[in-house]
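Letters A, B, ... are given to chains in the order of the sequence lines, protein chains preceding strands, and every chain is numbered from 1.
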Number of protein chains: 2
Amino acid sequence: MAKTEDEIFKFKRPGVAVDVILFTIKDGDLQAGLIKREEPPYSGKYALPGRFVRYEEQIEETARQALKIKGGIDPHSVFLEQLYTFGQNLERDTRIRTISIVYYGLISANQIYFQKGNKFQWFSVYKLPQLAFDHKNIIDYAVNRLRKKVWESDFAFQLMAEEFTLTELQKSYEVILNDKLDKRNFRKKILEINILKDLHKKKMEGVHRPASLYSFKKAK
Amino acid sequence: MAKTEDEIFKFKRPGVAVDVILFTIKDGDLQAGLIKREEPPYSGKYALPGRFVRYEEQIEETARQALKIKGGIDPHSVFLEQLYTFGQNLERDTRIRTISIVYYGLISANQIYFQKGNKFQWFSVYKLPQLAFDHKNIIDYAVNRLRKKVWESDFAFQLMAEEFTLTELQKSYEVILNDKLDKRNFRKKILEINILKDLHKKKMEGVHRPASLYSFKKAK
DNA sequence: TCAAAAGTGTTCTACCTACACCCATGT
DNA sequence: ACATGGGTGTAGGTAGAACACTTTTGA
């Protein structure tokens, strides 16, 4: 980094983009928001929303702008975390050598329904369409990271409505992990970590005993 | 990413650099290799070795080149892993807006001694000098990551000589974790994961019972 | 024979897993 | 009264933590 300004500018610089993989749970499935490309390269294939980093833009801001502009999603309602920076494949983008900083995000299905600018098409991560660039690898990588972190972090709440039942929360974990969980063990574990607030309200729905509603305690 | 070439080039692009934090164990301490800056900004302060990413250079290659050129270290002898990409602080580098992809690496102290081009100064991560840019934060972040991953990964072997005793290995873990470990539990755990090869040789040294030498099984 | 580090097993605890029945509701 | 999902406790197994003594060597 000890360079004069001359040195900094004397060589050709790669481009830097941010790509975002936005997850939600829809139809009992873990889904990712993708955009159909209308232009080459990879015209007709699906891609993660992305955007080149502007000179005065923080990189997380670039990610949020990509969601807004490419996906029509209100970027403030999205939990985002940096995933990895992909810069190995020099052929990744055929127009220009591009380094891609990838973020992954979570949004609850409710929030999507209410945002009518939403331009994403949602695909189950188990049934992805043909993808542009190396986006298939990126999605696989993100799903793995999501699974590793789901117990260490409370981000699964980003997928929930404001009020939810324990069974609904368990379903989200099961969808992320792609595995069945034991009801009693799940409740024990999730209540132990003390991030749930019992709203002392019941959800009356269906022909069965009503379920308690919870929200999660916001960190201060 | 769906942009015409015009769009790609019409805005000013940030620079992309790779910074590397190289760790070793010296004098019973976890140390990082730093370089004293001779030029502004931050002249006289210490910095991680770094380098701007060239157009035709894979980013891990940029990291290795930085070690070679800035530190005089043979880059093939170094374990490297991507840590995080820092791009929040627009004032990070005062000359140009720079995004920094940070790698961390490990090298055994032996290897450093034999490389006489070595230009690093080594500092205990607990007694760092005044650092340039936001490199203090980066080092703290890397140390935390190292601690989290030391049991999940076998990278601690990068810090060892070719042949080593269990006590020497334990010392390395203790230095990384900054904590004392129980000898019996450590041996049980490390032998259980089955990555050590008993060389059936003894290290005769000092006035005490000789220690068995091990190497680690290279993954194929 | 002494000092110094190597080497070795068992007990206790905490956490995770597996598992089955009663409860409250609407029809 | 029955079908449906909500709600609850316990026993067994496993992995990690704590802990002390004997062995081998060179001086």
Problem set entry | Test side-chain contact (heavy atoms from CB on, under 4.5 Å) applied to A:Tyr46 and A:Leu128, step by step | CA-CA 9 Å; A:Tyr46 287 85; A:Leu128 291 169; over 6 Å; no

Exercise. Starting at the 5' end of DNA chain D, which residue's closest nucleotide do you reach first, B:Lys183 or A:Pro210?
Worked result: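 The answer here is A:Pro210.
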
Exercise. Which residue, A:Lys188 or A:Gly206, contacts DNA chain C at a nucleotide closer to its 5' end, judged by nearest heavy atom?
Worked result: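 Counting from the 5' end, the first nearest nucleotide belongs to A:Lys188.
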
Exercise. Does B:Asn185 or A:Lys189 map to a spot on DNA chain C nearer the 5' end, using the closest nucleotide for each?
Worked result: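 In this pair, the answer is B:Asn185.
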
For this session: Please answer whether the main-chain N or O of A:Ile69 pairs with a side-chain N or O of A:Lys119 as donor and acceptor at a distance below 3.5 Å.
Result: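 Answer holds: yes.
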
Exercise. Does B:Arg147 use its side chain to pair, donor to acceptor, with the backbone of B:Ile176 at less than 3.5 Å?
Worked result: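 A pair under 3.5 Å: yes.
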
Problem set entry | Partner residues of A:Ile195 under the side chain to side chain contact (heavy atoms under 4.5 Å, CB included) criterion, sequence neighbours left out |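 In terms of side chain to side chain contact (heavy atoms under 4.5 Å, CB included), with neighbours along the sequence ignored, A:Ile195 is linked to A:Asp154, A:Phe157, A:Ile193.
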
For this session: Check every nucleotide of DNA chain D for an atom under 4.0 Å from a heavy-atom of chain A, then give the first and the last such nucleotide from 5' to 3'.
Result: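 With heavy atoms of chain A under 4.0 Å away, the range is D:dA3 to D:dT10.
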
For this session: Using chain A heavy atoms and a threshold of under 4.0 Å, write down where along DNA chain C the contacts begin and end, 5' to 3'.
Result: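 In short, chain A contacts DNA chain C from C:dT17 to C:dG26.
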
Problem set entry | Aromatic ring proximity, centroids under 6.0 angstrom, B:Phe216 and B:Tyr214 |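 No, the ring centres sit 6.0 Å or more apart.
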
For this session: Nearest 0.5 Å please: distance from the NZ atom of B:Lys197 over to the NZ atom of B:Lys217.
Result: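 The distance works out to 8.5 Å.
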
Exercise. Between A:Phe23 and A:Tyr104, what is the ring plane arrangement, given parallel below 30°, perpendicular above 60°, and tilted in between?
Worked result: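 If you compare the ring of A:Phe23 with that of A:Tyr104, the planes turn out perpendicular.
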
Exercise. Under 4.0 Å between a Lys/Arg side-chain N and an Asp/Glu carboxylate O for B:Arg64 and B:Glu60?
Worked result: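 Yes.
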
Exercise. Hey, does B:Thr165 reach any base, or is it just sugar-phosphate, or nothing, if we go heavy atoms under 4.0 Å?
Worked result: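 If one applies the 4.0 Å heavy-atom cut-off, B:Thr165 turns out to touch nothing in the nucleic acid.
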
